Colleague: 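Got a structure here, written out as structure tokens. Questions coming.
Keep in mind the model is a prediction, meaning the values are calculated, not measured.
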Amino acid sequence: MSQPPGFVDTDHPSYVCKLNKAIYGLKQAPRAWYQELKNFLLQFGFHNSYADTSLFIFHADGYTMYLLVYVDDLILTGDHETKVNHFIAILAQRFSIKELGLLTYFLGVEVIPNQHGLLLSQRRYITDLLLQTKMQDAKAVLTPLPISPTLTLTSGSLLSDPTEYRKVVGSLQYLLITRPDIAFAVNKLSQYMHCPTTDHWSFVKRLLRYLVGTVDDGLQLYKDSTLSLHAFSDTSLSLQAFSDADWAGDKDTFCSTSAYVIYLGQNPIS
């Protein structure tokens with residue numbers, strides 16, 4: 001790296017520093033850290049997932065471990081507690097780590113154990129968003145968007161400052177991790193980011209009112225996926241896909257919006 005200001009060698013101002021360790025905050029730091037961690041995991045016996053490069057899988061001697069990486073945050077799970085603890089001890093010898101115990105919160109998603117399995121919730125994220133927009137005491141509604149009037153590109157008058165609209169809709173997009181029920185509404189509102197109007201903003205506030213009444217909703221993952229619940233007729237651990245479209249629902253372009261959800265057993269996976 002270039003010599004930092006205030007520490008330039010006057011005899012050799014064009015020299016550069018050779019790093020013995022990646023400096024946190026450099027553009028190269030996340031890549032250098034990931035490569036170091038990846039090499040360590042591969043040497044231990046993990047293999048990198050083809051579907052997700054941040055997922056590492058260990059399968060040997062009759063037991064399995066999964067390690068998920070997000071920069072310097074790691075989630076580790078496995079089917080043998082002693083082996084998992086043994087690997088954590090080995091990891092701590094190589095890297096400076098802080099073990100936080102059972103998974104409760106990760107990247108804005110709360111992990112809540114219950115009798116059925118795990119509930120993935122963004123309750124805290126929703127609460128913060130409602131406080132920021134001063135909508136926490138708004139009257140709740142039962143649906144994300146009304147059936148009528150139909151929202152179009154020219155509905156209403158242009159907002160004098162579109163910053164808040166773009167900020168809130170951008171925040172709503174991160175909610176789709178655990179709230180597929182608002183996916184269509186957020187997708188619709190995202191189409192007007194370039195020229196939001198007063199009508200578009202009123203629909204955003206309508207969606208926030210829906211969140212007021214559904215703040216505790218989330219994505220339930222069942223520990224026993226072979227049990228048949230809800231409308232599932234097949235009790236086996238099989239893939240089931242559902243899709244739908246609104247058939248020319250966009251009144252500006254007459255394009256259709258389609259969506260799908262895929263279940264493995266009774267757990268939504270995509």
Colleague: Looking at Gly78, is its backbone amide N or carbonyl O close enough to the side chain of Thr64 to form a donor-acceptor pair, meaning the two atoms are under 3.5 Å apart?
Modeller: no
Colleague: Look up atom CG in Asp128 and atom CD in Gln136, then write down how far apart they are to the nearest 0.5 Å.
Modeller: 11.0 Å
Colleague: Return the CZ to CD1 distance between Phe46 and Ile57, rounded to the nearest 0.5 Å.
Modeller: 9.5 Å
Colleague: Go through the steps for Cys195 and Leu158 under the test side-chain contact (heavy atoms from CB on, under 4.5 Å), then give the verdict.
Modeller: CA-CA 7 Å; Cys195 57; Leu158 288 174; 3.9 Å; yes
Colleague: Do the non-hydrogen side-chain atoms of Leu208 and Leu211 ever get within less than 4.5 Å of each other?
Modeller: yes
Colleague: So do the side chains of Val168 and Leu189 get within less than 4.5 Å of each other, counting heavy atoms only?
Modeller: no
Colleague: Tell me if a side-chain donor or acceptor on Trp201 pairs with a main-chain N or O of Pro196 at a distance below 3.5 Å.
Modeller: no
Colleague: Go through it in stages, so that I can follow the logic: the residues are Thr197 and Asp199, the test is side-chain hydrogen bond (donor to acceptor under 3.5 Å, both in side chains), and I'd like the CA-CA distance, side-chain angles, deciding distance and then a yes or no.
Modeller: CA-CA 5 Å; Thr197 68; Asp199 282 8; 5.4 Å; no
Colleague: Are the side chains of Met65 and Val84 in contact, using a 4.5 Å heavy-atom criterion?
Modeller: yes
Colleague: State, to 0.1 Å, how close Arg209 and Val141 come at their nearest heavy-atom pair, and which atoms those are.
Modeller: NH2-CG1, 3.1 Å
Colleague: With rounding to the nearest 0.5 Å, note down the distance linking CG in Leu37 to CZ in Phe95.
Modeller: 5.0 Å
Colleague: Give the C-alpha distance, both sets of side-chain angles, the deciding distance and a yes or no for ring-ring contact (aromatic ring centres under 6.0 Å, His included) between Tyr63 and Phe87.
Modeller: CA-CA 12 Å; Tyr63 68 93; Phe87 174 71; over 10 Å; no
Colleague: Check each of Tyr105, Phe106, Tyr174 against Tyr125 using the ring-ring contact (aromatic ring centres under 6.0 Å, His included) test, and report the only one that passes.
Modeller: Tyr174
Colleague: For the hydrophobic clusters of this structure (ILVMFWY residues joined by side-chain heavy atoms under 4.5 Å, transitively), does one cluster hold both Phe40 and Leu76?
Modeller: yes
Colleague: Just wondering, do Val169 and Gln191 contact through their side chains at under 4.5 Å, heavy atoms?
Modeller: no
Colleague: To the nearest 0.5 Å, what is the distance between CD (Gln132) and CD (Glu164)?
Modeller: 10.0 Å
Colleague: For the backbone of Tyr66 and the side chain of Thr77, can you confirm whether one donor and one acceptor N or O come within less than 3.5 Å of each other?
Modeller: no
Colleague: Side chains of Arg206 and Thr143: closer than 4.5 Å at any heavy-atom pair?
Modeller: yes
Colleague: For Asp79 and Gly62, work out which heavy atoms get closest and say how close.
Modeller: OD2-O, 4.5 Å
Colleague: Keeping Arg179 on the side-chain end and Thr214 on the backbone end, is there a donor-acceptor pair under 3.5 Å?
Modeller: yes
Colleague: Of the non-hydrogen atoms in Asn114 and Leu118, which two are nearest, and what is the gap between them?
Modeller: OD1-N, 4.1 Å
Colleague: For the pair Gln122 (side chain) and Glu110 (backbone), establish whether a donor and an acceptor sit closer than 3.5 Å, ignoring hydrogens and angles.
Modeller: no
Colleague: Measure the NZ-CG distance between Lys251 and Leu153 for me, rounded to the nearest 0.5 Å.
Modeller: 15.0 Å
Colleague: For Thr198 and Gly156, which heavy atoms make the closest approach, and how far apart are they?
Modeller: OG1-CA, 3.7 Å
Colleague: How many angstroms lie between atom NE2 of His200 and atom OG1 of Thr152, to the nearest 0.5 angstrom?
Modeller: 6.0 Å
Colleague: For residues Leu42 and Ile88: do they belong to one hydrophobic cluster (side chain heavy atoms under 4.5 Å, members Ile, Leu, Val, Met, Phe, Trp, Tyr)?
Modeller: no
Colleague: Would you mind reporting whether Asp181 and Pro144 have side-chain heavy atoms less than 4.5 Å apart?
Modeller: no
Colleague: For Tyr15, does its backbone N or O pair with a side-chain atom of Gln3 as donor and acceptor, under 3.5 Å?
Modeller: yes
Colleague: How far apart are the closest heavy atoms of Gly117 and Gln220, and which atoms are they?
Modeller: N-NE2, 3.7 Å
Colleague: So Ile177 and Val109, side-chain contact (heavy atoms from CB on, under 4.5 Å) or not? Walk me through it.
Modeller: CA-CA 8 Å; Ile177 297 174; Val109 179; 4.1 Å; yes
Colleague: Taking the side chain as C-beta and beyond, is there a heavy-atom pair between Leu120 and Val111 under 4.5 Å?
Modeller: yes
Colleague: If the test is side chain to side chain contact (heavy atoms under 4.5 Å, CB included), which one of Arg31, Glu36, Lys38 qualifies with Tyr34?
Modeller: Lys38
Colleague: Under a single-linkage definition using a 4.5 Å side-chain heavy-atom cutoff for Ile, Leu, Val, Met, Phe, Trp and Tyr, are Leu100 and Leu91 assigned to the same hydrophobic cluster?
Modeller: no
Colleague: If you count every heavy atom of other residues, nucleotides or ligands that lies below 6.0 Å from Ile269 atom CD1, does the total exceed 12?
Modeller: yes
Colleague: Closest heavy-atom contact between Gly249 and Lys188?
Modeller: O-NZ, 4.2 Å
Colleague: Going only through I, L, V, M, F, W and Y residues with side-chain contacts under 4.5 Å, is there a path from Leu103 to Leu119?
Modeller: no
Colleague: Check the pair His86 / Ile90 against side-chain contact (heavy atoms from CB on, under 4.5 Å), numbers first and verdict last.
Modeller: CA-CA 6 Å; His86 175 66; Ile90 295 175; 3.3 Å; yes
Colleague: Tell me whether Tyr192 shares a hydrophobic cluster with Leu176, the cluster being built from Ile, Leu, Val, Met, Phe, Trp, Tyr side chains joined at under 4.5 Å.
Modeller: yes
Colleague: So, do Val69 and Leu74 sit near enough that their side-chain heavy atoms are less than 4.5 Å apart?
Modeller: yes
